Each structure stands twice: as structure tokens, then as C-alpha cells.
Participant: 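For reference, the structure I am asking about is given below.
When a ligand or atom number is given, it counts from 1 through the structure's own listing order. Computed from a predicted structure; not experimentally measured.
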Amino acid sequence: MKRHLISAADLTRDDALLILDTADELAKISERSIKKLPTLRGRTVVNLFFEDSTRTRISFEAAAKRLSADVINFSAKGSSVSKGESLKDTALTLEAMGADAVVIRHGASGAPYRLAGWVRGSVVNAGDGTHEHPTQALLDAFTMRRRLGPLDGRKVTIVGDVLHSRVARSNVLLLATLGAEVTLVAPPTLFPVNVDSWPCEVSYDLDAMLPKSDVVMMLRVQRERMNAAFFPTEREYSRRYGLDRERVARMPDHAIVMHPGPMNRGMEIAAEVADSPRSTIVEQVANGVTARMAVLYLLLGGADLGGEI
Ligand code: CP
């Protein structure tokens with residue numbers, strides 16, 4: 001594996017399978033009453049969050065702590081960033097504290113790549129602008145594999161605001177590496193211009209895709225990143241691209257519903273669908289801790305797991 005995890009494209013098929021297999025092993029710890037391993041004792045993980053997060057920030061903290069690493073949580077709010085301190089100076093300050101890994105979420109696409117040039121430790125991208133969110137893709141693949149088995153040939157339909165979604169891009173790249181067949185579904189206004197170069201199919205017709213999907217992954221409509229009208233009304237969007245009970249009934253019996261969170265309940269996904277047995281949304285959150293433990297463990301070269309689990 002490379003030293004940093006900035007894009008899902010950084011992972012070969014062997015790397016991705018190693019992370020998922022390691023996560024399978026580490027999942028056994030989450031079932032125990034004492035959910036802790038000494039593997040990363042003496043290592044320091046810095047969580048550097050310049051953008052809001054609930055799931056990713058908490059799960060990286062839990063993952064590092066379950067591996068016994070020392071954890072420093074940095075939030076831009078309340079830090080010297082508000083006095084104008086740059087990303088580079090913030091990174092060098094953290095470097096001086098001896099960070100072995102820096103987990104970064106930033107509103108600017110490419111910020112983790114820049115950071116990797118300034119610090120000695122491993123950099124893990126926890127979401128950069130509209131670019132990528134590779135550990136979300138790993139936890140999603142881990143969740144699919146636990147529900148459905150190997151991903152080769154599985155049909156995954158990703159629906160919604162692809163234009164602003166770092167989750168969609170990372171999922172397309174990772175799922176293609178793992179042999180799944182991905183179709184993106186969105187209104188024409190919510191596709192990026194270069195989507196034809198992505199390793200996936202593109203469709204505007206959600207209803208046509210539902211009967212042939214093993215997985216339907218709904219994306220959040222990212223209103224905070226929209227500076228123009230991308231669809232006529234929320235009601236119209238919901239009618240064409242929202243997942244409700246009637247649409248779920250057209251999916252195969254084994255098919256699952258995913259969403260990375262946070263959700264706009266009632267817009268891209270009906271509340272009764274989000275809370276149904278087909279939904280893996282809560283599982284995805286739990287699997288996020290396990291998948292991120294596997295990433296930190298492998299990047300920081302933890303001791304052999306065999307004797308510890
Ligand atoms: N899925 C995800 O990245 O959620 P948060 O923004 O809450 O971290």
C-alpha cells in the first residue's frame with residue numbers, strides 16, 4: 001500500500017481486498033466487551049477537521065482509540081485558523097507534535113494532497129471538497145460485502161447529487177477496482193461534465209435501474225454547495241429521483257438500500273425506507289469504525305494481528 005490514502009484510485013485490487021479482509025478480522029473486536037487492541041500504542045493520530053462532520057470524525061477517533069493510538073482532535077472552529085493561520089502552518093504545528101498519521105477533512109479539493117507534501121506521517125483523506133472520500137467508499141464496500149458476498153459482477157446504482165458528491169467519485173473508483181458494475185443516476189444538471197471518463201454507466205432513469213440493482217445507494221442533495229437552481233423544486237426532485245416505498249418494492253428481494261449520511265429524510269429518501277430492514281444506514285456507521293481501524297492499522301504498520309484477536 002502507498003503511504004497516504006488520498007484517493008480510492010490509490011488502492012490496487014489487492015490493497016482494497018487486504019483492507020476489507022483486515023476489517024473483517026477487526027470486526028471481531030467490535031463484538032467483544034473490551035473493544036481495544038494494543039497495536040498502535042505509542043503512535044499519534046491527528047484528526048484535522050476544517051469542515052463539519054459527525055460520522056467520519058467520531059469514527060476515526062473511535063478507530064484510533066480502539067487500536068490504542070494517542071489521538072489529537074483538531075477542529076478549525078476555535079483554532080488559530082480563525083486568526084488566518086494557513087493550512088501549511090497548521091500542518092507544521094501538528095508535525096512538531098509528532099503525528100504519525102493526519103486525518104484531514106477540508107472544503108478545498110486537493111487539500112490532503114498538499115498536506116502530504118508537508119508532513120512526514122501518513123495522510124488520510126476524510127473528505128476534500130467535491131473530490132473524494134475514500135474511507136467512505138471502503139466502509140460502503142465492506143458493508144456490501146458483508147450483506148451480499150464478493151462484489152465481482154454486483155450491480156450498484158448510485159443516485160442523486162453526483163456533481164457535488166465526493167462519496168460518488170470514490171465509490172465509483174473503488175467499486176470498479178473490486179469488479180462491481182456501477183451506474184450513476186441523476187438529473188442531467190447534477191452530473192459533472194467529465195462523467196463519461198469515469199469507470200461506470202450513466203442513466204437519467206431511476207425506475208429502469210431498480211429491478212436490476214443489487215445495491216441502491218442514495219446521495220444527499222448538497223444544498224450548501226449549490227449556488228444555482230439545479231432542479232425546479234424539491235418536490236419535483238423527490239418525485240423523479242427520491243427512493244420511496246413504491247420504488248423499493250421494484251428492487252430484487254435481496255437488494256439493499258444505502259446512504260452515506262447525513263440524510264435529507266423525505267427528499268432523496270423516504271423516512272420509512274431509511275428505517276426499513278433493507279437499509280444498511282446504521283450498519284454503515286458501525287462499519288465505518290472497523291474500516292477506518294483497518295486503514296490506520298495498515299498505514300501505520302501495526303503489529304501482526306494474528307496474536308491479538
Ligand atoms: N458520511 C459522512 O462523511 O458523514 P459526516 O459528514 O457526518 O462525516
Participant: If hydrogens are left out, which of Gln284, Arg55, His133 has an atom nearest to atom 3 (O) of ligand 1, that is, the closest non-hydrogen atom?
Facilitator: His133
Participant: For ligand 1 and Pro262, I'd like to know whether there is a polar contact (N/O to N/O, distance under 3.5 Å).
Facilitator: no
Participant: Which heavy atom in Ile6 sits nearest to a heavy atom in Ala116, and how many Å separate them?
Facilitator: CD1-CB, 3.9 Å
Participant: Are any of the N or O atoms of Ser53 closer than 3.5 Å to those of ligand 1?
Facilitator: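 Indeed, backbone or side chain, Ser53 has an N or O that close.
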Participant: When you measure from atom 6 (O) of ligand 1 to every protein heavy atom, which one gives the shortest distance, and what is it?
Facilitator: Arg105 NH1, 2.8 Å
Participant: Between His133 and Arg105, is any side-chain donor less than 3.5 angstrom from a side-chain acceptor?
Facilitator: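 Short answer, yes.
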Participant: With a 4.5 Å heavy-atom cut-off, do Val46 and Val103 have their side chains touching?
Facilitator: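 Heavy-atom side-chain distance check fails, nothing below 4.5 Å.
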Participant: Compute whether any side-chain donor of one residue and acceptor of the other, for His4 and Asp10, lie under 3.5 angstrom apart.
Facilitator: no
Participant: What do you reckon, does Gly261 put a non-hydrogen atom under 4.0 Å from ligand 1?
Facilitator: yes
Participant: Go through it in stages, so that I can follow the logic: the residues are Phe230 and Tyr237, the test is ring pair (Phe, Tyr, Trp, His ring centres under 6.0 Å), and I'd like the CA-CA distance, side-chain angles, deciding distance and then a yes or no.
Facilitator: CA-CA 9 Å; Phe230 288 89; Tyr237 179 90; over 10 Å; no
Participant: Output the list of atoms in ligand 1 that are nearer than 4.0 Å to some heavy atom of Thr56, sorted by atom number.
Facilitator: 2 (C), 3 (O), 4 (O), 5 (P), 8 (O)
Participant: Distance under 4.0 Å to a non-hydrogen atom of Thr54: what atoms of ligand 1 satisfy this?
Facilitator: 5 (P), 7 (O), 8 (O)
Participant: Would Asp152 and Arg13 count as a salt bridge (charged side-chain N to carboxylate O under 4.0 Å, His left out) if you check the C-alpha gap in whole Å, the side-chain angles of each, and the deciding distance to 0.1 Å?
Facilitator: CA-CA 11 Å; Asp152 297 272; Arg13 182 179 165 88; 3.3 Å; yes
